[in-house]
Every structure is written in C-alpha cells, then in structure tokens.
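Read the structure below first, then the notes.
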Amino acid sequence: MSEPAIEGPVGGVLIVDFGAQYCQLIARRVRELGVYSRITAPERAMFTFRHMRPQAVILSGGPRSVYEHDAPVLDAALLEQGVPVLGICYGLQWLAQHTGGEVTPAQSGAEYGRTELVVTDERDLLRGIPQHSTVWMSHGDKVARLGPGFEVLAKSEPCPFAVVGDRRRRFFGMQFHPEVAHTEHGTRMLSNFVLEVAKVRADWNPGSLVDSKVAAIKQLVGPDGEVVMGLSGGVDSSVAAVLIHRAIQQRLHCVFVDNGLLRAGERAGVEALFSDHYHMDLTVVDASERFLAALAGVTEPEQKRKIIGKVFVDVFRDQAKARRGARFLGQGTLYPDVIESVAAHGGATSMIKSHHNVGGLPKDLDLKLVEPLRDLFKDEVRALGRELGLPSSLVDRQPFPGPGLGVRCLGELTRDKLEPLRQADRIVREEIEQRSLQRGLWQYFAVYVPQKTVGVKGDARVYEDVCVLRVVSSQDAMTADWELLPVDVLKRISNRILNEVKGFSRVCLDISSKPPATIEWE
Ligand code: XMP
C-alpha cells in the first residue's frame, strides 16, 4: 500500500473507503466546501487518524455486507475518538452494527435509483433541506433496528431509517448517497455535517499551498540533491515542474520526449515556456524515429499503447542515467492516481485501456520520488498553477493522452497518416479556441480512420481516408456526452480539413456518449 503516513495537512475530514465507487466524489465534495479531506483504507484508518488528527470522519459506501465474514475490517476504536462520524450507505450499516443496531438484507432485494426522502427532523444535519426531496439510493442491505441513542431524522418509502443520528455522540448515517448529483440537496447535507455539526473551518485553499509545497520539496531534496523529470507539457507535469523549479532552480533537469505523436506546435510551446520563459534546464529529445520504428506494423490498440509506454521508459531511462548526480525523480502524480493504487476498492475493476502516463518510473533507476501534487485533485492543481502564474492556455488546456495521436490514428502508425491528423487536429483546435467555444468542453479533437471513401476534388475522383471530429463534455472522463458545435463552425472545420489537408475525402461527426463508447478511439 502506497499511502504515506504523515504527508499532507493535519485536520479536516478523514474518509474511510469501504470500496465505494463514489468515494473520490465524497473527498472532492468536502474539498469543494473548503475543507481538506483524505481517503484511507479501513485497515489503515486508525493509523491515518493518529497522524492526520481529523475533525470529522465519513464512512463511505461499499459493495459488501457487514455480516459477511470477510467484510472490510475497521477498528471500532474510531468511534471513541470524540469526533463526529457520518456513515453513508454501507458506512451507516457499519455504524449501526457497532452501536448496538442490526443490519439485514433489504426485503425486496437490492434498492437502486431515485427515492423520495421525507425529512422528519430538520435540525443540524438536515437543516435547510425541504421536507420532500429526491435522493439516490444504491444498497442491498439495510438497517433493521437502531442501537441506543439513535433516532430517525428522515425516512423514505422503502427505508424507515433513511437518515438517523445520535446527537449526543454526533454520529449520523444516511442510507443514500449525498455525494452524487442525483441527490438534490446532498451538498447541503455534507456541508451541514462538516461545517455545522463538526464545526470544521473552511480554510483549505489549494492556491495557497505554493509556499508549503516549495518548502517540502526543499526539505526532501536537500541542499544539493538533483531531480530529473519528464515534462509532457500537460497540466500536471507542468505545475509539478514549476513548483520543483521554484524550490531547487537549476538542480531540476527536465526532459521532454518528442515521440512523433505530438500535436502541432506542442514541442515549440514547451520550449518557449519552460526554456525561454522559466529558464529551466530542459532537454528536448527527438525520439520520433525510435517510436515509429518500434510501432511499425503494429495495429492492435493495446499493443500500440504498451509499445509507446515502453519506448518512453527506455528513452527516459537513457536520459536519467546520463544525469548521474540525480537521485530524485519528479512526477506530476495526482491524488486519484494514489487512491486508485490503494487496494480498498472491493476487488478488481475491469481494465478497459492501459493508461500510459509520461513520467512512469523506470524501476531499475533507483530514484526517490518527488511528487508535490499527490494529495491534490485536478481542479486543485489548476488553482495551484494559476497561483504560480502559469498561463490559462496551459492550466485550462484539454487533456491529451500520454500515447498522444497514437490512440487517435487507427491502424498502423505512419508519418503519412500522422501528419494529416496533426493538421486536422490543429484546425479543430483553432476554430474552437478562436471563438472561445472550449469552455464547457472536456475534449475536442480529430481522429484518423483509415477507411478509403470516394470523393471528388477539383474535377478528379479521389479515394481517400475519413477524418472524424470528436467533441465531448465531461466532469471527470468517467462518463462523457457528445456535444454539437454551432453549425457554421462545423461547416468551417469540415471545409478547412477537406481543402487544406491532403489525405481526407470525408469528415464525419462522432455522436457517441461514454459509455458505451470511450472518449479516445483506441
Ligand atoms: P477514454 O478514452 O478511456 O479516456 O474514455 C478517458 C480520459 O483519459 C484520457 N486518456 C489518457 N490519459 N494516458 C493519459 O494520461 C493515457 O494513456 C490515456 N488514455 C486516455 C483521455 O484523453 C480521456 O480524457
């Protein structure tokens, strides 16, 4: 388990992860209230509690039953620390079981979906919540009997104990999920618990972390330590690099690998910002030949992803070895990457795509990690980036996958296909960004589909490939909706691609949401 024990602020809200798919959402909602939150696995909860000294605890939902013999183990000493506890779904059931109550399978089987909540006691936890509202249930078991001290605060048709509480001990529980958007007043309920019941001060501000992050990097790296890091030009590695650079200046050595799968202008943009503007020690390695040679003849998406990841590690390893003095590896790892590596998630979730992140650690290098963003969510990293003075074009840019155009160019990767795709992608970005249409969009890009179709250009018949336009909105890339650009913009993008780019006879629009489609095509 990779969760460090003492990193991160003291105080805030500790969230015990019983394997809930919504656990990260709870943590984000709490931080959006201006309160630091941290997720821990149940078996580490007391350990983390002692280091973090939280002012409140939230127990998440989870896929198990509390009466299963191998249910997640949480030390009930957590209930004796004098801090308020909110149990959500499975968390409520655990709370009930450990305070003298009883949990049974829901009589009518599992209950999922929207339910009407009827508030019967609108003090503290449910203050300001209308008497009738919609909440999102998702559970197989339910509380059948409450332990001493507990009373009912709200009920729903299938569930007489929808919200319960023991005011004296400040223990509360909800059988539904306040953290999901389908629960109408969920944010208010969480806010009531954190700010009113637990009286935690809302003073968490990621933008204000610059000084403490810089100090921590200085301490970790020491007075003469050197750091090598892969800089992709994406938000995470850029913010991490600027922070590390602020701490140790020229003892940071950045490596930008041109894998031949970059967008138009990407390499020049990174050089202009980090080398010319920040005066960082930046090495640009043109490894496009090496990548394309390794990818020759490969058409299977997963194999392409794996080769791109492996060649990146090889190239980066050579660069890191050349900097013999460097004992540290800088990375832009974010909090979701750290949480996802904790084995509390109720078994294996099925792997859909192997993600390759620039900066992946070559194991044999024996470098210590410097990861200044590992306790932050993406929107918090953006706030930090703004505070550091990074331009909006970088901080607010759309995500670009590690394997780059490689996962948007179907079939074998060749320069003949990558170059037209790069030009089409540039046109899509130009047309959208010139009109500031990118607000509200998660990603917008072109895809190369090597399917010949007949067209006519000038007076001649052509037989060329298909360019697909993909425009999506999303909160977190877990789900996404396709978005329709204004028709005049679509017309202009289509005209420009067909007239300016050689290789396409047709432009098509992808109108697939995720799920079932994914955002990238491979
Ligand atoms: P999918 O295609 O799975 O993508 O819907 C979800 C989000 O992840 C991005 N993506 C990646 N990001 N390395 C990354 O850092 C990768 O290998 C990778 N593959 C996909 C994708 O752009 C979308 O935002």
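In listed order, ligands and their atoms are each counted from 1. Basis for what follows: all heavy atoms, side chains included, without hydrogens, waters or symmetry-related copies.
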| field | Arg323 and Thr283 side chains, donor-acceptor separation under 3.5 Å | value | yes
| request: Identify, by atom number and element, the atoms of ligand 1 in contact range of Lys514, meaning under 4.0 Å from any of its heavy atoms. | output: 1 (P), 3 (O), 5 (O), 6 (C)
| query | Does the Gln438 side chain pair with the main chain of Leu441, one donor and one acceptor, at a distance under 3.5 Å? | reply | no
| request: Mark yes or no: Arg263 above the aromatic ring of Phe400, with NZ or CZ under 6.0 Å from the six-membered ring centre and no more than 45 degrees from the axis. | output: yes
| query | Are Arg290 and Phe312 in a cation-pi setup, meaning NZ or CZ lies under 6.0 angstrom from the ring centre and within 45 degrees of the ring axis? | reply | no
| Hey, is ligand 1 close enough to Ile519 that some N/O pair sits below 3.5 Å? | yes
| message | Measuring from non-hydrogen atoms of Trp521 to any atom of ligand 1, is the shortest distance under 4.0 Å? | response | no
| task | Can you label the angle between the Tyr278 ring and the His245 ring as parallel, tilted or perpendicular, going by 30° and 60°? | result | perpendicular
| Is the shortest N/O to N/O distance between Arg408 and ligand 1 below 3.5 Å? | no
| query | Could an N or O of ligand 1 be found under 3.5 Å from any N or O of Pro403, whether backbone or side chain? | reply | no
| message | With a heavy-atom distance limit of 4.0 Å, tell me whether Phe400 approaches ligand 1 through its side chain, its backbone, both, or neither. | response | neither
| task | Indicate the atoms forming the closest heavy-atom contact of Leu252 with Ala241, along with that distance. | result | CD2-O, 3.4 Å
| field | Those atoms of ligand 1 less than 4.0 Å from some heavy atom in Ala477 | value | 6 (C), 7 (C)
| message | Taking a cutoff of less than 4.0 Å between a non-hydrogen atom of the residue and any ligand atom, is Arg305 in contact with ligand 1? | response | yes
| remark: A student checking ligand 1 against Trp442 at a 4.0 Å heavy-atom cut-off should list atoms 24 (O)
| said: Is the ring pair Tyr36/Trp204 parallel, tilted or perpendicular, if the boundaries are 30 and 60 degrees? | reply: tilted
| request: Provide the number and element of each atom of ligand 1 under 4.0 Å from a heavy atom of Gly402. | output: 13 (N), 14 (C), 15 (O), 16 (C)
| remark: ligand 1 atoms nearer than 4.0 angstrom to some heavy atom of Thr518 are 1 (P), 2 (O), 5 (O)
| query | Under 6.0 Å from the six-membered ring centre of Tyr335 and within 45° of its axis: does the NZ or CZ of Arg374 meet both? | reply | no
